Amino acid sequence: MAREIQVTVDCADPRALAPFWAEALGYRVQEPPGDFDSWDEALAAMGVPPERRNDASAVVDPDGTGPRLFFQRVPEGKETKNRVHLDVRAAPGLEGEERMAALETECDRLVALGARRLRRFEPDPPLGAGFIVMADPEGNEFCLD
């Protein structure tokens with residue numbers, strides 16, 4: 001039986017990083033529970049002190065098919081390359097220059113949202129289709145594939 005997964009990202013500012021990933025993936029920031037109008041209102045009702053209200057955030061696929069991304073605040077900063085990263089499938093089915101043009105367009109959009117472009121890998125047939133390595137606003141690497 002297949003299992004549902006959640007991707008967890010350690011970060012310094014969940015409240016800021018979650019909206020970036022929501023925009024990047026076409027997701028939405030998870031709504032607060034019950035009848036609360038905001039997470040701050042919900043967390044206050046739960047007794048969470050103000051200094052802990054940015055400990056976590058999450059984004060979800062509006063269609064309910066993709067994994068939930070959970071952002072948790074950690075005290076330490078990012079120090080080395082990620083061992084696991086996301087591949088954002090920005091050009092599925094495209095090849096060659098058409099593929100790379102689509103990746104460049106998506107790269108420009110994400111840079112405008114706060115990402116950084118790190119490196120472009122050119123197509124290298126037969127196995128390498130080409131991709132762009134990027135970093136989110138906190139430096140977590142991901143690829144446009």
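Keep in mind it's a predicted model, so treat the numbers as computed, not measured.
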Any donor-acceptor N/O pair, Trp39 side chain to Pro33 backbone, under 3.5 Å: no

Glu104/Arg120 salt bridge by N-O under 4.0 Å criterion: yes

Same apolar cluster (I L V M F W Y, side chains within < 4.5 Å links), Leu110/Met100: yes

Ala24 backbone acceptor or donor facing Arg109 side chain under 3.5 Å: yes

Residue list, salt bridge (Lys or Arg N to Asp or Glu O under 4.0 Å) with Asp40, at least two apart or on another chain: Arg53

Verdict with reasoning, Ser57 to Val29, per side-chain contact (heavy atoms from CB on, under 4.5 Å): CA-CA 8 Å; Ser57 189; Val29 174; 4.2 Å; yes

Co-membership, hydrophobic cluster, residues Leu25 and Val7, 4.5 Å side-chain: yes

Trace of the side-chain contact (heavy atoms from CB on, under 4.5 Å) decision for Glu122 with Asp124: CA-CA 6 Å; Glu122 297 300 324; Asp124 186 19; over 6 Å; no

Heavy-atom side-chain contact between Glu106 and Leu144 under 4.5 Å: yes

Euclidean distance, Asp10 CG relative to Asn140 CG, rounded to 0.5 Å: 8.5 Å

Shared hydrophobic cluster, Leu103 / Val111 (ILVMFWY, side-chain heavy atoms < 4.5 Å): yes

Non-hydrogen atoms of Leu17 and Cys11 that approach each other most closely: CD2-CB, 3.7 Å

Atom CG of Asp35 with >12 non-hydrogen neighbours under 6.0 angstrom: no

No-hydrogen, no-angle side-chain donor-acceptor test under 3.5 Å, Gln72 and Asp55: no

Side-chain (Arg99) to main-chain (Gly130) donor-acceptor, under 3.5 angstrom: yes

Beyond-backbone contact of Tyr27 with Pro19, side-chain heavy atoms, under 4.5 angstrom: no

Sidechain-backbone polar pair: Asp145 side chain, Arg89 backbone, donor-acceptor under 3.5 Å: no

Trp21/Phe142 aromatic ring centres below 6.0 Å: yes

Chi angles and distances behind the side-chain contact (heavy atoms from CB on, under 4.5 Å) call for Arg68, Asp61: CA-CA 7 Å; Arg68 177 179 189 249; Asp61 179 352; over 6 Å; no

Nearest heavy atoms of Ala91 and Ala102, plus distance in Å: CB-CB, 4.0 Å

Derivation of the salt bridge (charged side-chain N to carboxylate O under 4.0 Å, His left out) call for Lys78 and Glu141: CA-CA 10 Å; Lys78 182 177 176 321; Glu141 295 93 358; 3.3 Å; yes

Arg52, CZ: over 12 other non-hydrogen atoms inside 6.0 angstrom: no

Residue pair Pro125 / Glu95, side-chain heavy-atom distance below 4.5 Å: no

Set of salt bridge (Lys or Arg N to Asp or Glu O under 4.0 Å) partners for Arg28, sequence neighbours left out: none

Taking every non-hydrogen atom, the tightest pair across Pro32 and Asp37: CG-C, 4.2 Å

Test item: Phe71 and Thr8 side chains (from C-beta on) under 4.5 Å apart, heavy atoms: no

Distance-minimising heavy-atom pair for Arg73 and Ala12: CD-O, 3.3 Å

Val60/Leu69 under side-chain contact (heavy atoms from CB on, under 4.5 Å): CA gap, chis, key distance, verdict: CA-CA 7 Å; Val60 294; Leu69 273 68; over 6 Å; no

Inter- and intrachain pairs under ring pair (Phe, Tyr, Trp, His ring centres under 6.0 Å), touching residues 75-129, at least two apart: Phe121-Phe131

Flag if over 12 foreign heavy atoms under 6.0 Å of CD, Glu97: no

Spatial distance of atom CG (Asp136) from atom CG (Leu113) [nearest 0.5 Å]: 11.5 Å

Minimal non-hydrogen separation, Met134 against Ala115, with atom names: CE-CB, 3.8 Å

Between CG on residue Asp13 and CZ on residue Phe20, distance to nearest 0.5 Å: 13.5 Å

Shortest non-hydrogen separation from Arg117 to Cys107 and the atoms involved: NH1-SG, 3.6 Å

